[in-house]
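Below, chain A is the first sequence line, B the second, and so on; all start at residue 1. Reckoned from all heavy atoms, side chains included, excluding hydrogens, waters and symmetry mates.
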Protein chains: 2
Amino acid sequence: MDIDAPDWRSGWPGEATQPDVLARELRTAIMRTSRRLRTEASGDVVSPGQYTVLAQLRRGSRTSRELAERERVQAPSMTRIVKALTAKGLVSRAVHPQDGRQILLSITPDGEGILEEAKGQRTAWLSRRVALLDEEDRLVLSRAAHLLQELSAE
Amino acid sequence: MDIDAPDWRSGWPGEATQPDVLARELRTAIMRTSRRLRTEASGDVVSPGQYTVLAQLRRGSRTSRELAERERVQAPSMTRIVKALTAKGLVSRAVHPQDGRQILLSITPDGEGILEEAKGQRTAWLSRRVALLDEEDRLVLSRAAHLLQELSAE
DNA sequence: TATTGTTATACTCTATAACTATA
DNA sequence: TATAGTTATAGAGTATAACAATA
């Protein structure tokens, strides 16, 4: 619903690309869609946080600290996420060969399987919606996705 | 970071608008940006949930149930949000004149003030980022915002 | 009986502060 | 001392189930 309306879509020409106006509309749209994505995916084996960590580990072993930095969470939060993943057998731990303080985390075969499965499930709702759009609108969303990635990358 | 990469941006022409591929990229971008928006706004007087309820009430009085349905949360969650807002003096309560079970919620002058203030603060980070883009990219994001609104509207 | 709203309780995710073990 | 990781604890947000008051 139009959170910051009643001025939604109204106003003078070019207003939509005014940084403040655009930011407000974009924030509303993103927060709303993200909430929807969260609730639609609630039956999953892994939570959103666990999922992204699993995806990171698919690309190679990482320490807890590296993962925390990439995910922009504090160390204890990552400890919790990793603990949940190891409890499910989706991630394995190994003491770093050179530095005994560090623990190298790796994805397990089970983890790879869950990741593939979750990937489809998590986007099922959005896929259905997106499939109803025409090619032009899908192209807009594709470009927006890349822009948002860059915006929020830091 | 590119959650579902390493295949980010790679692939055959037109792949980006394949519903499944697009949905995956879009989901990643949206979840990441939403987390960033939440953490950047952490110093606010009102939480994201409280903010959107306040915005709803600016457009007229509503009952708790109406608000819960619009926000897609369960009744107890809305009770909690409304309780927080009334405790801060941003929302007032009045028994419905016709139906004694219902309680009409309205935004107070203080609430209107906080809403205006929060509106700017919450989008400040995104505004700064968006301002760095060129007109064409901003137009893409504007159109994407409207598409996302429609997608997640139900 | 059905509906509106609340309370009780629990779960998830996140954070800060304090602790252990290693370098 | 500094760093990697953990534990303890707290706060925000959501949910389900059980309850009260009103229709």
*Asks:* Which sits closer to the 5' end of DNA chain D, P76(A) or D99(A), going by the nucleotide each is nearest to?
*Replies:*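 Checking each residue's closest nucleotide, the 5'-ward one belongs to D99(A).
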*Asks:* Any salt bridge between R62(A) and E69(A), counting N to O under 4.0 Å?
*Replies:* no
*Asks:* Without decimals, in angstroms, what is the distance between L85(B) CG and dG13(D) C1'?
*Replies:* 14 Å
*Asks:* Whether S77(B) contacts dG13(D) is assessed here as follows: a side-chain N or O lying under 4.0 Å from the phosphate OP1 or OP2. Is that the case?
*Replies:*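 Looking at the OP1 and OP2 atoms of dG13(D), neither is under 4.0 Å from any side-chain N or O of S77(B).
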*Asks:* Could you state the CZ-P distance from R72(A) to dT14(C), rounded to the nearest angstrom?
*Replies:*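 Interatomic distance, CZ of R72(A) to P of dT14(C): 14 Å.
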*Asks:* For a side chain to side chain donor-acceptor pair (under 3.5 Å) check, start with the C-alpha distance between T108(B) and S92(B), then their side-chain angles and the critical distance, and finish with the verdict.
*Replies:* CA-CA 6 Å; T108(B) 64; S92(B) 63; over 6 Å; no
*Asks:* Figure out the CZ/C1' separation between R65(A) and dT6(D), and round it to whole Å.
*Replies:* 11 Å
*Asks:* For Q74(B) and dT12(C), give me the distance from atom CD to atom P, rounded to whole Å.
*Replies:* 18 Å
*Asks:* Over all strands shown, is S47(B) touching base, sugar-phosphate only, or nothing at heavy-atom distances under 4.0 angstrom?
*Replies:*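 Sugar-phosphate, no base atom in range.
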*Asks:* If you assign Q50(A) and S64(B) each to the DNA chain C nucleotide with the nearest heavy atom, which residue ends up on the more 5' nucleotide?
*Replies:* S64(B)
*Asks:* Return whichever of R80(A) or R101(A) has its heavy-atom-nearest nucleotide of DNA chain C closer to the 5' end.
*Replies:*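 It is R80(A) whose nearest nucleotide is closer to the 5' end.
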*Asks:* Output the rounded distance in Å from CD (Q98(A)) to C1' (dT3(D)).
*Replies:* 16 Å
*Asks:* So G100(B), base contact, sugar-phosphate only, or nothing? Heavy-atom distance under 4.0 Å.
*Replies:*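 Result for G100(B) = sugar-phosphate.
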*Asks:* With side chains defined as the heavy atoms from C-beta onward, is the minimum distance between E25(A) and L141(B) less than 4.5 Å?
*Replies:*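 Not touching, per the 4.5 Å side-chain cut-off.
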*Asks:* Rounded off to whole Å, could you give me the CD-to-P distance for the Q102(B) and dT22(D) pair?
*Replies:*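 Atom CD in Q102(B) sits about 13 Å away from atom P in dT22(D).
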*Asks:* Using whole Å, what does the distance between atom C1' of nucleotide dA4(D) and atom CG of L104(A) come to?
*Replies:*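 Rounded to the whole Å, the gap is 12 Å.
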*Asks:* Given atom CD of E66(A) and atom P of dG5(D), what is their separation to the nearest angstrom?
*Replies:*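 Distance, rounded to whole Å: 8 Å.
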*Asks:* Ignoring hydrogens and geometry, is there a side-chain-to-backbone donor-acceptor pair from T123(A) to L126(A) under 3.5 Å?
*Replies:* no
